[in-house]
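As the structure is a computational prediction, the values presented were derived from the model and not from experiment.
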Amino acid sequence: MRCSALFFEKSASRNWLVAVHQDLSIPVAERIEHPALQGWSVKEGQLYVRAPVEVLQQLIAVRIHLDACGAEDGPLRLVPGSHLQGLVTAEDAALARQQEIVCVAESGSALLMRPLLLHSCSKSSGKSQRRVLHFLFAPLELPLGLRWSDIV
C-alpha cells in the first residue's frame, strides 16, 4: 500500500471554494506515453496524470480534521454513493448537488471517502481556521507502466 498526503488550511486569510468534482489525478514519478493516460499536469512541482477509472476505484482518501469544522467554516460537502457511478459528467455532477450532505466535523475526527465521490466545499463565512490532513492510500502496483512518485 502506498500513501500520499496533502495539508489544507482554510481561514479568514486563506479562503476558497471548490465546485463539485471527482478527484481524478494521481501523483506519478514520470510521464508515460499511453492512450489511456491523459490530462498531465504539474502541481507544486509534482507530476500528476488523470488515472484510469480502474485505478481510481482502488484508492481511498482519509481526511483527518485538526480543527473543528462547523457549517460556517466551509466544510466538505459530498454526494453519498456517487462514487459507484464511475466517471460523472459536469452536467450530472451539477444535478447531483441537490443530494449533497454537509460534513461538519469535530477536531480529531476522520472522514473516509473514495476519490470518485462527488464533493465540493464553500468558502468559510466564519473566523475560525480549518486544517485538514488528506491522505490518499493506493495499491503498490499501477497499470500501464506508471510508477508512484517517490514522495507518495
Side-chain angles (χ1 to χ4, degrees), residues 1-10 14-67 69 73-123 129-152:
M1 178 103 356
R2 296 292 298 239
C3 178
S4 67
L6 296 171
F7 174 73
F8 298 106
E9 179 181 356
K10 189 179 277 194
R14 299 174 59 128
N15 202 359
W16 68 90
L17 64 86
V18 179
V20 65
H21 70 284
Q22 295 174 301
D23 292 337
L24 303 177
S25 296
I26 60 171
V28 293
E30 62 187 337
R31 188 177 181 118
I32 304 291
E33 295 303 322
H34 190 283
L37 302 175
Q38 300 175 4
W40 292 93
S41 63
V42 176
K43 300 174 190 173
E44 297 185 20
Q46 176 61 55
L47 181 63
Y48 283 80
V49 67
R50 183 173 169 167
V53 172
E54 299 78 23
V55 172
L56 296 169
Q57 290 171 330
Q58 297 178 51
L59 309 180
I60 190 156
V62 178
R63 297 171 59 98
I64 299 175
H65 291 264
L66 303 179
D67 304 297
C69 180
D73 298 318
L76 186 73
R77 299 170 181 272
L78 56 86
V79 179
S82 57
H83 64 290
L84 301 172
Q85 299 173 20
L87 292 179
V88 177
T89 66
E91 292 168 345
D92 288 342
L95 290 173
R97 282 203 72 180
Q98 299 168 10
Q99 302 166 15
E100 274 185 338
I101 63 169
V102 178
C103 297
V104 296
E106 294 187 25
S107 177
S109 63
L111 176 100
L112 281 66
M113 61 184 266
R114 296 284 184 181
L116 287 174
L117 186 72
L118 287 168
H119 58 287
S120 65
C121 70
S122 57
K123 281 189 166 187
Q129 72 177 0
R130 176 177 71 102
R131 297 174 299 162
V132 174
L133 289 173
H134 179 104
F135 296 95
L136 182 63
F137 292 93
L140 288 174
E141 301 295 322
L142 289 174
L144 311 175
L146 287 170
R147 289 187 307 113
W148 290 111
S149 168
D150 291 335
I151 67 162
V152 176

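A search for salt bridge (Lys or Arg N to Asp or Glu O under 4.0 Å) contacts involving E141 returns nothing, not counting sequence neighbours. For the side-chain contact (heavy atoms from CB on, under 4.5 Å) test, residues two or more places apart in sequence or in another chain that qualify with Q57 are V53, L116. In this view, H21 and H119 satisfy the ring pair (Phe, Tyr, Trp, His ring centres under 6.0 Å) rule, not counting sequence neighbours. In terms of the ring pair (Phe, Tyr, Trp, His ring centres under 6.0 Å) criterion, H65 has no residue partners (sequence neighbours excluded). Taking R50 as the reference, nothing meets the salt bridge (Lys or Arg N to Asp or Glu O under 4.0 Å) condition, with sequence neighbours excluded. A94 pairs by the side-chain contact (heavy atoms from CB on, under 4.5 Å) definition with nothing, not counting sequence neighbours. For E33, the side chain to side chain donor-acceptor pair (under 3.5 Å) partners two or more places apart in sequence, or in a different chain, are R31. Listed by chain and number, the residues in a side-chain contact (heavy atoms from CB on, under 4.5 Å) with P115 are D23, L59, L136 (sequence neighbours excluded). Residues that satisfy the ring pair (Phe, Tyr, Trp, His ring centres under 6.0 Å) test with F137, not counting sequence neighbours, are absent from this structure. Listed by chain and residue number, nothing satisfies the salt bridge (Lys or Arg N to Asp or Glu O under 4.0 Å) test with R14 (two or more places apart in sequence, or in another chain).
A distance of 11.5 Å separates OG in S25 from CD in Q38, rounded to the nearest 0.5 Å. Once rounded to the nearest 0.5 Å, the distance linking CG of L56 with CG of L117 reads 12.5 Å. The structure places CG of L37 at 5.0 Å from CG of L146, a figure rounded to the nearest 0.5 Å. The CG atom of L6 sits 9.5 Å away from the CZ atom of R63 when rounded to the nearest 0.5 Å. A distance of 9.5 Å separates OG in S122 from CG in D73, rounded to the nearest 0.5 Å. Interatomic distance, NZ of K123 versus CG of N15, reported as 5.5 Å (0.5 Å rounding).
The shortest distance between side-chain heavy atoms of M113 and C103 does not fall below 4.5 Å. Within the 4.5 Å cutoff, the side chain of V49 has no heavy atoms near those of the I32 side chain.
Considering every non-hydrogen atom in both P27 and Y48, the closest pair reads N-CD2, 3.5 Å. In terms of heavy-atom proximity, R2 sits nearest to P139 at CG-O, 4.0 Å. Taking each heavy atom of E9 and W16 in turn, the nearest pair found is O-CZ3, 3.0 Å. When all heavy atoms of V79 and A96 are compared, the pair lying nearest together is CG2-O, 3.6 Å. The minimum heavy-atom distance linking C121 with G74 is given by the pair CB-O, 3.7 Å.
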Quiz: residues 83-91 side-chain donor-acceptor pairs under 3.5 angstrom, not counting sequence neighbours:
| unit_1 | atom_1 | unit_2 | atom_2 | d |
| --- | --- | --- | --- | --- |
| T89 | OG1 | D92 | N | 3.1 |
| T89 | OG1 | D92 | OD2 | 3.3 |

Stepwise, does the side-chain contact (heavy atoms from CB on, under 4.5 Å) test hold for S82 with Q99? CA-CA 10 Å; S82 57; Q99 302 166 15; over 6 Å; no
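Aromatic ring pairs are classed by plane angle as parallel below 30°, tilted from 30° to 60° and perpendicular above 60°; the pair F8 and H134 is perpendicular.
In this structure a side-chain-to-backbone donor-acceptor pair under 3.5 Å is missing from Q46 to A29.
For residues 100-113, the set of pairs meeting the side chain to side chain donor-acceptor pair (under 3.5 Å) definition, not counting sequence neighbours, comprises R97-E100, E100-S120.
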